[in-house]
Number of protein chains: 2
Amino acid sequence: MNRSNSGANLPALRSHNAALVLDLLRVAGGAGISRLELAERTGLTPQAVSKITARLRAEGLAAEAGHRASTGGKPRTVLRLVPDAGYAVGLHLDRDELTVVLVDLSGAVAVSSTAPLDFGAPADEVLAAATDAVTAVRDGGAGTGDRRVLGVGVAVPGSLDHRGGVLHRVTGFPQWDGYPLRDALAVRTGLPVVVDKDTNAAALGLALRAAGGGDFAYLHLGTGLGAGLVLGGAVHRGARTAAGEFGHQTVELDGPVCGCGGRGCIEALCLAAVARGDVAEAARVLGTGAANLVGLLDIDRVVLGGRTVAADPETYVRGVRAVVDERAGRGGADAPVPVVVAGGGDRPVAEGAAQLVLAPLFGRAAGADGA
Amino acid sequence: MNRSNSGANLPALRSHNAALVLDLLRVAGGAGISRLELAERTGLTPQAVSKITARLRAEGLAAEAGHRASTGGKPRTVLRLVPDAGYAVGLHLDRDELTVVLVDLSGAVAVSSTAPLDFGAPADEVLAAATDAVTAVRDGGAGTGDRRVLGVGVAVPGSLDHRGGVLHRVTGFPQWDGYPLRDALAVRTGLPVVVDKDTNAAALGLALRAAGGGDFAYLHLGTGLGAGLVLGGAVHRGARTAAGEFGHQTVELDGPVCGCGGRGCIEALCLAAVARGDVAEAARVLGTGAANLVGLLDIDRVVLGGRTVAADPETYVRGVRAVVDERAGRGGADAPVPVVVAGGGDRPVAEGAAQLVLAPLFGRAAGADGA
DNA sequence: GCCACTTAAGCAACGCTGTTGCCATAGTGC
DNA sequence: GCACTATGGCAACAGCGTTGCTTAAGTGGC
């Protein structure tokens, strides 16, 4: 088990194992997975897996889906996740745009929409727009009978308190400082709400597309430069939800002054290169930060995103990969760390926000740090 | 529970809760802790705590130690860890020196010794010296009746594979590349052996002196510059035990060439400043890296160590603290991140190595990453 | 000095967990 | 058609924390 500070009883044991199985079903996707594979992966006995999957089937979360070819005996029964057993709303509040998605348990987007937003408007107006967007996707799309919506995940720019769901100051929008977004939206929608930084949401969503507990970094280059970290399968937030402050790391001692008051911040250098059209240099600077990160945390995979990257993804991937590979080569690493770009424009953030709600179901809630 | 990839059964549940209680007893130290406090901290019922502590007492790991003052009813019985219920050997193999310690469950050093070592000598010779040192501390000291030694933790410089206990190349000592140190020493001593990087060991040992699952960084400045990270109470190693590569992060784009082949590595800049006697500049450079780290991971506490730091601890602490505080102030953090220096010269590494053996007892084994 | 009250800790019964031993089911191959 | 193999469920079981109640050990009022 883990190093969480709380004791475990039988219900906790049960939900831990159920989450584990559910996560394996999720990762298996449409292909499904058999009971014996589940037993091997979890270390539980086949009988225990049978009991657990029976419960999941009774709850409607899992279903049998055909059989594998026999290997000399009774063929294995394939189980898969029932995607529409639950949904989550993902809401991305950006500075000028609102994106909302409805995703099912498998992570597939059922409904999605985008609208302009003035994040600088009074809180009530923004909240009303957000509430309307949530209501719209809950009722939208075809076959909208009785969808079980588990909650709303909200991704916002800037720093905040994840535990309390309270925003801190967002650069350029001081009126949000101290605003209890989680509780306010929970009252309006009648749903549980989780709030997190946009980069954390994106990182979670992108990390969940792959299996396992690998360590993962998402680097977002848009109007600013930030990072989301997923360590051991869960978002690493730190005690104050302040982790991921990637843009203001110093990569040039006594370098040019940054808007934050520091000197030689990677964000300032990167954005300056972008501003003068030197994409290759921006990618090299970004790659330097990525290489620092990979070396420091032994990250397994780096994903780039954000509008600026989306404008010229190949140059950024090539530039970042070059720096990361070169550094890794010096360290004697065997396999290079993959560097890829996130697809889908800004939607990964909204999808990741929805995953903030779903992740606990799959045992991927953060540990002692940011739960 | 956690996001480990393995299922949990009743014995796992039991040992999880036992470890949790044991960790609270360890942190409480000589002051002890009552059953009801344990119940509050763990979230378990008082009755469950009674059962768990009864088992621990039966195994000799815990004992009753007096009573608290009454608050109107039966006074609480204080429980404490029995330190000599188990010991661990910590071995620090450095480039020119061998340090060995015997610590008890509470982390107190019972026996300790240091001897010169030629790490460049043939492996057999080094191993023989290490084995002798282990044997000496097992039998050394007073009242050496029947100490239960749980294992040997070994800290070595340079990169390695923690899982397999195999060394990679150590700068300047290529003959160790691929050497199966763990198994070799396990055979010679007849004890379980755990191998880790010196910085990781030091970080673990220093982090365990405080309670809780805070995120902690140890920065070691000696012949090189490295870091050990403790996230959520356990060492963060990454999938390849490569995390903590702090010294070769770039803090000056196109800066001076470093021995690693890169440019502007923090290690090169820091050591260059040390070489020309500019301790304040070295501290500033180190502080820049520390601030990068604190911002990226939302680290709670930074500890400095290593011979170079030990030569002028106050200047380093002051310099690093200045940079970290200044950066934190810009980010709007409330409380400054403490920056302190590790006491005890090189012994923290050996003590931490011993904690590599003890940590699992207290539920602080690494998670999916490096277990 | 006695009694009422409060708090701590243990005993016994209980519900629920995963495990074990055994059996039914459903295929393959001779 | 039979022997064999692998899958998966049924039933009994040991062990976990929980619940309800009892006993132990103090304080404070009268």
Side-chain angles (χ1 to χ4, degrees), chain A residues 1 4-22 24-25 32-59 62-80 363, chain B residues 1 4-22 24-25 32-59 62-80 363:
Chain A
M1 310 216 174
S4 79
N5 291 317
S6 67
N9 50 22
L10 289 173
L13 182 80
R14 171 193 180 129
S15 64
H16 168 81
N17 285 339
L20 215 59
V21 169
L22 224 42
L24 289 170
L25 288 171
I33 185 170
S34 71
R35 288 179 180 82
L36 269 102
E37 282 178 274
L38 288 170
E40 286 165 17
R41 300 278 201 95
T42 58
L44 297 170
T45 61
Q47 185 60 23
V49 171
S50 277
K51 284 191 177 182
I52 292 165
T53 53
R55 283 200 300 263
L56 294 176
R57 284 191 296 152
E59 294 168 17
E64 298 194 342
H67 303 270
R68 287 225 200 294
S70 167
T71 58
K74 178 175 176 176
R76 300 184 175 186
T77 311
V78 173
L79 298 169
R80 62 170 179 78
Chain B
M1 313 222 171
S4 77
N5 289 319
S6 66
N9 51 20
L10 290 172
L13 183 79
R14 172 193 180 130
S15 64
H16 168 82
N17 285 340
L20 215 59
V21 169
L22 222 43
L24 289 170
L25 288 171
I33 186 170
S34 71
R35 288 180 180 80
L36 271 106
E37 282 178 276
L38 289 170
E40 287 165 17
R41 299 279 200 94
T42 57
L44 296 170
T45 61
Q47 184 61 23
V49 171
S50 276
K51 284 191 178 182
I52 292 165
T53 55
R55 283 200 300 263
L56 293 177
R57 283 191 299 154
E59 293 167 17
E64 298 194 341
H67 301 270
R68 290 227 197 292
S70 166
T71 58
K74 177 175 175 178
R76 300 185 175 185
T77 309
V78 173
L79 298 169
R80 61 169 181 77

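Note on naming: letters A, B, ... go to the chains in the order of the sequence lines (proteins, then strands), and numbering restarts at 1 for each one.
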Measure the distance from [atom1] on [X] to [atom2] on [N] and round it to the nearest whole Å.
{"X": "B:R76", "N": "D:dA24", "atom1": "CZ", "atom2": "C1'", "result": "16 Å"}
{"X": "B:L56", "N": "C:dA9", "atom1": "CG", "atom2": "C1'", "result": "16 Å"}
{"X": "A:E37", "N": "D:dG8", "atom1": "CD", "atom2": "C1'", "result": "15 Å"}
{"X": "A:H16", "N": "C:dC16", "atom1": "NE2", "atom2": "C1'", "result": "17 Å"}
{"X": "B:L36", "N": "C:dT6", "atom1": "CG", "atom2": "P", "result": "17 Å"}
{"X": "B:E64", "N": "C:dA8", "atom1": "CD", "atom2": "C1'", "result": "11 Å"}
{"X": "A:E40", "N": "D:dT7", "atom1": "CD", "atom2": "C1'", "result": "13 Å"}
{"X": "B:R35", "N": "C:dG10", "atom1": "CZ", "atom2": "C1'", "result": "9 Å"}

**OP:** Kindly indicate whether the side chain of A:V21, heavy atoms from C-beta on, has any atom under 4.5 Å from the side chain of A:L56.
**Re:** yes
Subject >> Student check: side-chain heavy atoms of B:T77 and B:R35 closer than 4.5 Å >> reply: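 The answer is yes; the side chains approach within 4.5 Å.
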Has [X] got a side-chain N or O lying under 4.0 Å from the OP1 or OP2 atom of [N]?
{"X": "B:R57", "N": "C:dA9", "value": "no"}
{"X": "B:T77", "N": "C:dA9", "value": "yes"}
{"X": "B:S50", "N": "C:dG10", "value": "yes"}

Distance-only check: which donor-acceptor pairs under 3.5 Å involve side-chain atoms of residues 47-55 of chain B, not counting sequence neighbours?
residue, atom, partner, partner atom, Å
B:T53, OG1, B:V49, O, 2.8
B:T53, OG1, B:S50, O, 3.0

What pair of heavy atoms forms the shortest contact from [X] to [Y], and how long is it?
{"X": "B:R68", "Y": "B:G32", "answer": "NH2-O, 3.7 Å"}
{"X": "A:L25", "Y": "A:A62", "answer": "CD1-CB, 3.9 Å"}
{"X": "A:R76", "Y": "A:S34", "answer": "CD-OG, 3.5 Å"}

Original post:
Which letters describe nucleotides 18-23 of chain C, given B = protein heavy atom under 4.0 Å from base, S = only from sugar-phosphate, - = neither?
Top reply: BBB---
Original post:
For A:R80, does the CZ atom have more than 12 heavy-atom neighbours from other residues, nucleotides or ligands under 6.0 Å away?
Top reply: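 Result for CZ/A:R80: enclosed.
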**OP:** Under 4.0 Å between any heavy atoms, over every strand shown, what does A:S34 touch: base, sugar-phosphate, or nothing? Just pick one.
**Re:**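 Since no nucleic acid heavy atom lies under 4.0 Å of A:S34, the category is nothing.
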